[in-house]
**Student:** 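Submitted below is the structure of interest, expressed as structure tokens.
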There are 2 protein chains.
Amino acid sequence: MSDDTSDFVVRERAPRRKRTDARRNIESLLEAAKTVFSTVGVDAPAKEITDLAGVGVGTLYRHFPQRSDLIKAVIEREIDACADAAPALAAEHEPGVALAKWLDRFTAFVATKRGFAAALHSGDPAFDGLPGYLMQKLGPALESLLKAATASGEIQARITAQDLLYAVAKLCAPMPNEDPDYGRRMVALLVDGLRSGESPH
Amino acid sequence: MSDDTSDFVVRERAPRRKRTDARRNIESLLEAAKTVFSTVGVDAPAKEITDLAGVGVGTLYRHFPQRSDLIKAVIEREIDACADAAPALAAEHEPGVALAKWLDRFTAFVATKRGFAAALHSGDPAFDGLPGYLMQKLGPALESLLKAATASGEIQARITAQDLLYAVAKLCAPMPNEDPDYGRRMVALLVDGLRSGESPH
DNA sequence: ATAGTTCCGGAAAGAGATTCCGCATACGAC
DNA sequence: GTCGTATGCGGAATCTCTTTCCGGAACTAT
């Protein structure tokens, strides 16, 4: 009780940040998983991933006890990358171009990542949070691009960021035997529809 | 050459139709698989299915060498059942009611069968033929219902069978964190929209 | 440098998928 | 009916991948 550290015991102990080797391994695992997932598929043997990452299996299971944890982490990291691309594109291009380029990037993500659609439809509750995560991360990113493009007069905002995201996501959800470029074209159409002035609707 | 059966060797030999016990087992397996898939999920252990079907594992693997073969067969058989329901409903109900009831049945199929959406998005080429199969089987079925309902003046055909099928299928594709009745409501809305006369659009 | 954690690797155990083959059963010919 | 043969059956054995576990290595704070 009179122990002079007692005041600190109560305080939320900052949980000494993860060891550097641990963080490095997690990084390697995510990178390897991303590669293997897009190569072999999300059901690829764990060994494949750990070998590519250069770690033991134990390490994989310590950081990602469930396979779904790994998949979720990979997808979230890709969503993050997508979100990060927004400011970068905004800095390098005219607002309208930046918007188009970003949507193209997002489309590519949704269209090519089989794992994403599969995860969503797997029925595994572990993935329930993903749509929300996507919305939360990408909503603001798109919103800023949209706002900038509207402000510069290049487009007219006839749609909210949220609706646009959903529309793109659903349009691009890959279907077997569907022209793989179908989604991209639909989105292009959508964006053209946003451009102001030219078409006399 | 002068062998008196030589004429027959060339002819496609009718491959003596499958033994009855084999057909019975296949039937049991499909029935069991349907039950287990909707209970435990499409990734349920094979033993679960064979036990319920009352056959050995070997029998499962003989008739369905790949798991995707089983899944595909189950889905196709449900599609068939859906198609078969059309004439039955048409015989028992007014055309408009029959149409509504059939769409309800189709909706239930798409919405509840996680396996269906999962299969479509799995990326496994084994399932590439499914959308086509669905269209081919269900297209004509819906078309006849639609035609009857139009003829009786209960609805106005503002949409093709194909478009309606796709719309329903996409609307009902289950998404995590989405009101599970959302799809059904959307479809109801769609059908209401087809009813003639009442709303003064 | 040293004590105290945290983390690592990979062997071992477990779970399920898939194969294999001797035996059983149905079919067709007579 | 009965016989010969093709076909199908069951389930033990095998194989593959998953998941656990723990002795020791590596990192951090002092």
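No experiment lies behind these values; they were computed from the predicted model shown. Chain naming here is simple, since letters A, B, ... match the order of the sequence lines and numbering starts at 1 in each.
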**Student:** Give every residue pair that meets the salt bridge (charged side-chain N to carboxylate O under 4.0 Å, His left out) criterion with at least one member in residues 131-143 of chain A, sequence neighbours excluded.
**Tutor:**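 Residue pairs with at least one partner in residues 131-143 of chain A: A:Asp80-A:Lys137.
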**Student:** Using the test side chain to side chain donor-acceptor pair (under 3.5 Å), find all partners of B:Asp51 that sit at least two apart in sequence or belong to another chain.
**Tutor:**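 For B:Asp51, the residues satisfying side chain to side chain donor-acceptor pair (under 3.5 Å) (neighbours in sequence not counted) are B:Lys47.
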**Student:** So, does A:Ser28 use its side chain to make a donor-acceptor pair with the main chain of A:Arg24 at under 3.5 Å?
**Tutor:**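 A pair under 3.5 Å: yes.
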**Student:** Write down the atom of B:Leu89, the atom of B:Ala98, and the distance for their closest heavy-atom approach.
**Tutor:**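 B:Leu89 and B:Ala98 have their closest heavy atoms at O-CB, 3.7 Å.
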**Student:** Applying side chain to side chain donor-acceptor pair (under 3.5 Å), name anything that partners B:Thr35, two or more places apart in sequence or on another chain.
**Tutor:**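 B:Thr35: no side chain to side chain donor-acceptor pair (under 3.5 Å) contacts found.
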**Student:** Treating primed atoms plus P, OP1 and OP2 as sugar-phosphate and everything else as base, which nucleotides of nucleotides 24-30 of chain C get B, S or - for protein heavy atoms under 4.0 Å?
**Tutor:** -BSBS--
**Student:** Does A:Asp43 have any salt bridge (charged side-chain N to carboxylate O under 4.0 Å, His left out) partners at least two apart in sequence or in another chain, and if so, which?
**Tutor:**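 Residues passing salt bridge (charged side-chain N to carboxylate O under 4.0 Å, His left out) with A:Asp43: none at all.
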**Student:** Grab the OH-P distance between A:Tyr61 and D:dC17 for me, whole Å please.
**Tutor:**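 One finds 12 Å between P of D:dC17 and OH of A:Tyr61, rounded.
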**Student:** Please list residues of residues 29-57 of chain B whose heavy atoms come under 4.0 Å from any atom in DNA chain D, ordered by number; otherwise none.
**Tutor:**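 Under 4.0 Å from DNA chain D: B:Gly54, B:Val55, B:Gly56, B:Val57.
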**Student:** Contact list please: residues 63-76 of chain B against DNA chain D, heavy atoms, distance less than 4.0 Å, in numerical order.
**Tutor:**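 Residues of residues 63-76 of chain B that come under 4.0 Å of DNA chain D are, in numerical order, B:His63.
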**Student:** Starting at CZ of A:Arg62 and ending at C1' of C:dG9, how long is that distance when rounded to a whole Å?
**Tutor:**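 Atom-to-atom, A:Arg62 to C:dG9, this comes out as 9 Å.
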**Student:** Please work out whether the ring planes of B:Phe106 and B:Trp102 are parallel, tilted or perpendicular, with thresholds of 30° and 60°.
**Tutor:**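 B:Phe106 and B:Trp102: parallel rings.
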**Student:** Quick test of your reading: applying salt bridge (charged side-chain N to carboxylate O under 4.0 Å, His left out), list the pairs with at least one residue in residues 81-95 of chain A, sequence neighbours left out, ordered by first then second residue.
**Tutor:**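 Listed by first then second residue: nothing to list.
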**Student:** Report yes if the side chains of A:Pro131 and A:Leu134 come closer than 4.5 Å at any heavy-atom pair, otherwise no.
**Tutor:**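 The answer is no, as the side chains (C-beta and beyond) never meet within the 4.5 Å cut-off.
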**Student:** What is the distance, rounded to the nearest whole Å, between atom CG of A:Asn25 and atom C1' of C:dG9?
**Tutor:**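 After rounding, the reported distance stands at 11 Å.
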**Student:** Could you tell me which residues satisfy side chain to side chain donor-acceptor pair (under 3.5 Å) with A:Asp21, sequence neighbours excluded, listed by chain and number?
**Tutor:**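 Partners of A:Asp21 by the side chain to side chain donor-acceptor pair (under 3.5 Å) criterion, ordered by chain and then number, come out as A:Arg19.
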**Student:** Taking all atoms of both residues into account, what is the closest heavy-atom pair of A:Phe37 and A:Arg67, and its distance?
**Tutor:**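 Closest pair (atom of A:Phe37, atom of A:Arg67, distance): CE2-NH1, 4.1 Å.
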**Student:** I'd like to check the side chain to side chain donor-acceptor pair (under 3.5 Å) partners of A:Lys147; sequence neighbours left out, ordered by chain and number.
**Tutor:**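 Counting only residues at least two positions away or on another chain, A:Lys147 forms no side chain to side chain donor-acceptor pair (under 3.5 Å).
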**Student:** Taking salt bridge (charged side-chain N to carboxylate O under 4.0 Å, His left out) as the test, write out the residues that go with B:Arg77, two or more places apart.
**Tutor:**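 Testing B:Arg77 for salt bridge (charged side-chain N to carboxylate O under 4.0 Å, His left out), a comparison that skips the adjacent residues, returns B:Glu27, B:Glu31.
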**Student:** Name the pairs: protein N/O against N/O of nucleotides 14-16 of chain D, kept only if under 3.5 Å.
**Tutor:**
none

